[in-house]
Asks: 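Provided herewith is a single structure, encoded as structure tokens, for subsequent inquiry.
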Amino acid sequence: MTKLGKKRRKKLQDKVDQISGYRSYHDGDVEVSSGKKGHGVFAARQFLPGELVIEITGQLLSKKTYEGSSYVMDLDQQWYLEPGIPAAFLNHSCSPNTELIHLTKRSLGLVAICNIEAETEITFDYQWEPCDWTPRCRCGAPNCRGWVVAKDGVETMRQLAKKTKKQK
Ligand SMILES: [Zn+2]
């Protein structure tokens, strides 16, 4: 097998997108499309505060045998939920317009915490733990924490970033 070059990879990915529509999604409520920060989930209509925006379903992974990827969500004490389409394309924001809740035994819900106009990007707060690989945040909100990290992890993250900077 030959390794895919960048150019060929892009060309083939375009083809995959065309054939499968894997990276596009549209129903009356939300749609996956390409925005400033790459793919994201956008409102296809207006949502009022407290309204359920998406039911997040996906692959259930046992916590006993799976360590968890960065995108995996906590379902309960025993299970992780690896979100499927469209939820897999949800971006983080430090000033989000939805909140993640436990909905059923097998799904999570994304609920509007403010008025969301049609065509607005749907975002929620990932609240990741501070660690080496926690990425910089580019949400652009005035209250951006600088990293994709939970509010109470910001100080730890600052210390961690200082340390890694010194090592380089
Ligand atoms: Zn941010």
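These numbers come from the heavy atoms of this one structure, side chains and all, not from hydrogens, waters or symmetry mates. Note that ligands are numbered from 1 as they come in the structure, with each ligand's atoms numbered from 1 the same way. Residues take their numbers from the sequence shown, with the count starting at 1.
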Asks: With N143, which residues qualify under side chain to side chain contact (heavy atoms under 4.5 Å, CB included), at least two apart?
Replies: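 So N143 forms a side chain to side chain contact (heavy atoms under 4.5 Å, CB included) with C94, S95, A141.
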Asks: Would you compute the distance between atom OG of S24 and atom CZ of F89 and round it to the nearest 0.5 angstrom?
Replies: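 The distance works out to 8.5 Å.
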Asks: I need the single residue from I54, L110, L52 that forms a side-chain contact (heavy atoms from CB on, under 4.5 Å) with T98. Which is it?
Replies: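 Testing T98 for a side-chain contact (heavy atoms from CB on, under 4.5 Å) against I54, L110, L52 leaves exactly one candidate, L110.
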Asks: Give me the atom names and distance for the closest heavy-atom approach of N115 to F47.
Replies: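 Looking at all heavy atoms of both residues, the closest pair is OD1-O, 3.3 Å.
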Asks: Does CZ belonging to R9 count more than 12 external heavy atoms closer than 6.0 Å?
Replies: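 No, not enclosed.
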Asks: At their closest point, which heavy atom of I56 faces which heavy atom of L90, and how far apart are they?
Replies: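 Minimum heavy-atom separation between I56 and L90: CD1-CD1, 4.2 Å.
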Asks: Can you list, by chain and residue number, the protein N, O or S atoms under 2.8 Å from the Zn ion (ligand 1)?
Replies: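 Metal shell, protein only: C94 SG, C137 SG, C139 SG, C144 SG.
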